[in-house]
Amino acid sequence: MLIARRLRQLEVFSEVLGPKDAKLNEPGAFQGLVLSGGPGSATCADAPQLDPQLVDGSVPVLAICYGMQAMTKVLGGQVQPCADRRSYGQSLARLTNGSALFDAESHSESLPVWMSHGDQVSKLPDGFTLLAEGDSTPVMAMANEAKKLYGLQFHPEVTHTKGGIDMLRRFAFDICGCATSWTMPSYEQRAAAQIRAQVGDEKVLLALSGGVDSAVAAALLESAIPGQLVCVLVDNGLMRAQEVEQTRQTFAHLGDRLICVDAATEFIDALAGLIDPEQKRKAIGHTFIRVLEREAKQSGEVQWLAQGTIYPDVIESAGSPGGLASSIKSHHNVGGLPEKLNIKIIEPLRLLFKDEVRVLGATLGVNQEVLGRHPFPGPGLAVRILGEVTRERLEIARAADAIFIEELKSRGWYDKVAQAFVVLLPVSAVGVQGDNRTYENVLALRAVCTADFMTADWARIPDDLLANCSARITNEIKQINRVVYDVTSKPPATIEWE
Ligand code: XMP
C-alpha cells in the first residue's frame with residue numbers, strides 16, 4: 001500500500017492488485033508493474049506463485065524483496081534462506097554497475113537502505129546483471145536492462161532508504177514512460193463526470209458523520225450533481241464536543257437538503273447495560289441503520305446511497321496481505337441498508353488514500369477545521385468509554401477529550417500526531433481533591449503517530465504538556481481524580497481501546 005501511495009505522490013496513478021486480479025491479463029491495462037514484498041518465503045513449496053507472463057519483458061517490472069525472489073525463481077535463478085536467518089533494518093548497498101534505476105552520481109557509492117528478509121537471491125537469472133551488493137546479502141539489486149526487469153532486495157518506498165523515492169520516480173517516468181496525470185483537480189473533473197453519468201438526475205442520500213471522508217464525499221457530490229444530494233446528519237449522542245454543530249454549519253448551504261436528526265436517546269437506550277465491545281458496536285450499527293432507514297423513507301424518492309469508502313478500506317476488505325480485517329470502518333455500519341431500501345451504492349472516494357481525500361477536500365473548498373480533524377471511529381465515544389455507556393459518562397469523556405485536544409492545539413501538537421483522544425476507564429481510584437478523600441474515575445490519554453493506522457507508535461508528547469492536561473482535567477472535571485498516559489504501540493495494542 002505504501003508503494004502505491006509513494007507513486008501517487010509522484011502524480012502517477014497506481015493501484016494495488018491481488019495476484020488473481022483480471023486487470024493483470026488485460027492488454028495495455030498498465031504501463032509498469034511493481035511486485036511488492038510480502039510475508040511469505042519464496043523457498044517454501046506453498047509460496048504464492050508468480051505468473052511467468054508478468055515478467056516476460058512485455059511490460060517493465062520493478063520487483064521488491066519477496067517480489068524479486070519470486071521473479072528470480074520464475075526466470076531460472078536461485079533463492080535460498082539467509083545464512084543469519086533474517087536480515088532486518090538498516091544496511092548498506094554498494095552499487096556495482098550503473099542502471100537506469102539509479103542516479104549516475106551514486107555509482108560506486110554505498111547507499112543506506114532498509115531491508116527485512118529471510119531469503120535472498122543466490123544466483124541471478126540469465127540475462128541479469130548485479131547492480132548492488134551488501135555484506136551479508138550478495139544480491140541487493142539486479143536488472144535485465146534490455147527487458148526492463150529490475151529487482152531490489154531492499155525497500156525503496158520507506159524513507160530510511162536513501163533516494164528510494166528517486167528510484168521509484170526513475171522507474172515510473174524514465175523506464176515506464178508514465179505521465180503525471182494523477183492530481184486532485186484532475187481527479188475532481190473525472191470523478192464528477194463519472195458521477196453524472198452514473199446517477200443521471202436521480203437523488204443521492206449520504207450520511208454525514210462529522211468525519212473527513214463523508215464531508216469530502218458530500219462536497220464532491222454536491223459539486224458534481226448540484227441539488228440532487230440529501231444529507232442526513234445523525235446525532236447519535238456519541239460525538240466529540242462541537243462536532244455536530246460544526247458539521248451542521250459546514251453544510252448549512254444545503255438548506256432543507258441537510259436533515260439533522262437528534263437520535264441520542266435512541267442510541268443511549270440501545271447501549272444500556274452493554275459492556276462487551278462487540279455488542280456495543282452491533283447495537284450502534286443496528287440503531288444507525290434503523291434511523292437512516294426511517295429518514296431515507298421520509299426524504300422521498302432516493303435511488304442512491306453514497307458512502308465515504310476510501311482506498312485503504314477497499315484494500316483491507318479485499319483481504320490483501322498486510323490488511324487488517326479488524327479495522328472495521330464506519331461505512332460498514334450501513335451494511336444491510338441497501339438491501340432493505342432497494343437502493344444503489346455510490347462510492348466517489350473509493351480510489352483515494354486519506355491524504356488525497358484531504359487534498360481533494362481543500363480543492364472543493366471544505367473547511368480546513370473539518371479536513372484536519374483526526375479520524376474518529378463510527379461508534380464514537382462509545383468505544384472510548386470502557387464498560388457501560390451512560391449519559392453521565394459521555395459528558396465526562398466529552399469534556400475531558402475537549403481539554404486534551406485544546407491543549408494539543410494550543411501547543412502545536414494536534415497536527416503532529418495522527419490521532420489523540422481520551423479513554424474513560426471502568427475503574428475507580430482513590431485520590432484527594434481539595435481536603436477530601438475521593439474515589440473517582442481514571443482517565444487514559446492516548447496519542448499516536450502513524451502514516452497508515454495499521455501500525456502506530458505512541459506519541460512522545462512533552463511532559464509539561466501532559467502535566468497541564470492532567471492538572472486541567474482533574475481540576476475541571478470533578479469525576480476524574482487520576483490521569484494516565486498510554487505508552488503502548490500498535491502492535492501489540494490497537495489504537496482504540498475497544
Ligand atoms: P484500531 O483501534 O483497530 O484502529 O487500531 C485503527 C483506526 O481505525 C479506527 N477505527 C474505526 N473507524 N469505525 C471506524 O470508522 C470503527 O468501528 C473503528 N474502529 C477503529 C481507529 O480510530 C483508528 O483510526
Side-chain angles (χ1 to χ4, degrees), residues 1 206-217 233-234 236 238-240 243 247 267 270-271 274 276-289 292 306-317 319 322-337 347 349-350 352-355 357-358 370-386 389 397 401 404-405 408 414-415 417-424 444-459 486-498:
M1 191 139 77
L206 178 126
L208 280 175
S209 68
V212 179
D213 304 341
S214 65
V216 175
L233 172 58
V234 179
N236 55 12
L238 311 171
M239 304 232 203
R240 294 166 286 193
E243 196 159 14
T247 311
F267 279 88
L271 285 165
L274 299 185
D276 177 71
E278 271 315 296
Q279 283 188 6
K280 283 160 74 174
R281 278 173 187 272
K282 281 204 180 102
I284 294 165
H286 292 152
T287 311
F288 187 75
I289 290 172
L292 203 58
Q307 296 194 20
T309 315
I310 65 171
Y311 199 45
D313 307 334
V314 176
I315 300 176
E316 282 170 26
S317 52
L324 284 185
S326 58
S327 17
I328 302 158
K329 301 296 194 288
S330 60
H331 67 274
H332 294 145
N333 290 344
V334 296
L337 193 70
E347 296 174 316
L349 309 180
R350 208 182 148 75
L352 304 187
F353 285 112
K354 193 85 176 183
D355 47 345
V357 172
R358 291 202 164 101
V370 173
L371 291 180
R373 232 183 236 157
H374 292 165
F376 188 58
L381 294 178
V383 289
R384 293 177 178 177
I385 295 173
L386 307 199
V389 178
D401 189 74
F404 186 34
I405 298 301
L408 288 173
Y414 185 79
D415 293 328
V417 299
Q419 212 170 355
F421 53 90
V422 304
V423 185
L424 188 59
L445 306 180
R446 176 91 164 129
V448 294
C449 296
T450 173
D452 58 11
F453 297 89
M454 302 236 209
T455 59
D457 196 10
W458 60 277
D486 183 349
V487 291
T488 330
S489 294
K490 172 183 178 178
T494 50
I495 295 174
E496 303 289 344
W497 278 43
E498 275 196 347

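Residue numbers count from 1 along this sequence. Each ligand, and each atom within it, is numbered from 1 in the order the structure gives.
Of all the atoms in ligand 1, the ones that sit under 4.0 Å from a non-hydrogen atom of Phe453 are 6 (C), 24 (O). Against a heavy-atom cut-off of under 4.0 Å, Thr494 is close to the following atoms of ligand 1: 1 (P), 2 (O), 5 (O). Remark: ligand 1 atoms within the under-4.0 Å shell around heavy atoms of Lys490 are 1 (P), 3 (O), 5 (O), 6 (C). Here is the list of ligand 1 atoms found below 4.0 Å of a heavy atom in Pro379: 13 (N), 16 (C), 17 (O). Close approach to Gln419 involves these atoms of ligand 1, each under 4.0 Å from a residue heavy atom: 21 (C), 22 (O), 23 (C), 24 (O).
Taking 4.0 Å as the cut-off, Arg281 counts as a neighbour of ligand 1 on heavy-atom distance.
At least one side-chain heavy atom of Ile495 sits less than 4.5 Å from a side-chain heavy atom of Phe453. Side-chain contact between Leu271 and Lys280: present, with at least one pair of heavy atoms (C-beta onward) separated by less than 4.5 Å.
At a 3.5 angstrom cut-off on N or O pairs, Pro375 does not count as close to ligand 1.
With a 4.0 Å heavy-atom cut-off, ligand 1 is reached by no atom of Ala456.
Closest approach of Asp401 to Phe421, counting heavy atoms only: OD1-CA, 3.5 Å. Of all heavy-atom pairs spanning Ile310 and Leu352, the tightest one is CB-O, 3.4 Å.
Ring geometry for His374 versus Tyr414: interplanar angle under 30°, hence parallel rather than tilted (30 to 60°).
Comment: Arg384 does not engage Glu498 in a salt bridge, judged by the lack of any side-chain N to carboxylate O separation of less than 4.0 angstrom. Contact check on Asp313 versus Arg350 returns no salt bridge, with no Lys/Arg side-chain nitrogen under 4.0 Å from an Asp/Glu carboxylate oxygen.
Which of Ile495, Val383, Asp313 comes nearest to atom 1 (P) of ligand 1 through a heavy atom is settled by distance: it is Ile495. Atom 20 (C) of ligand 1 has its nearest heavy-atom neighbour, among His374, Glu496, Met454, in Glu496.
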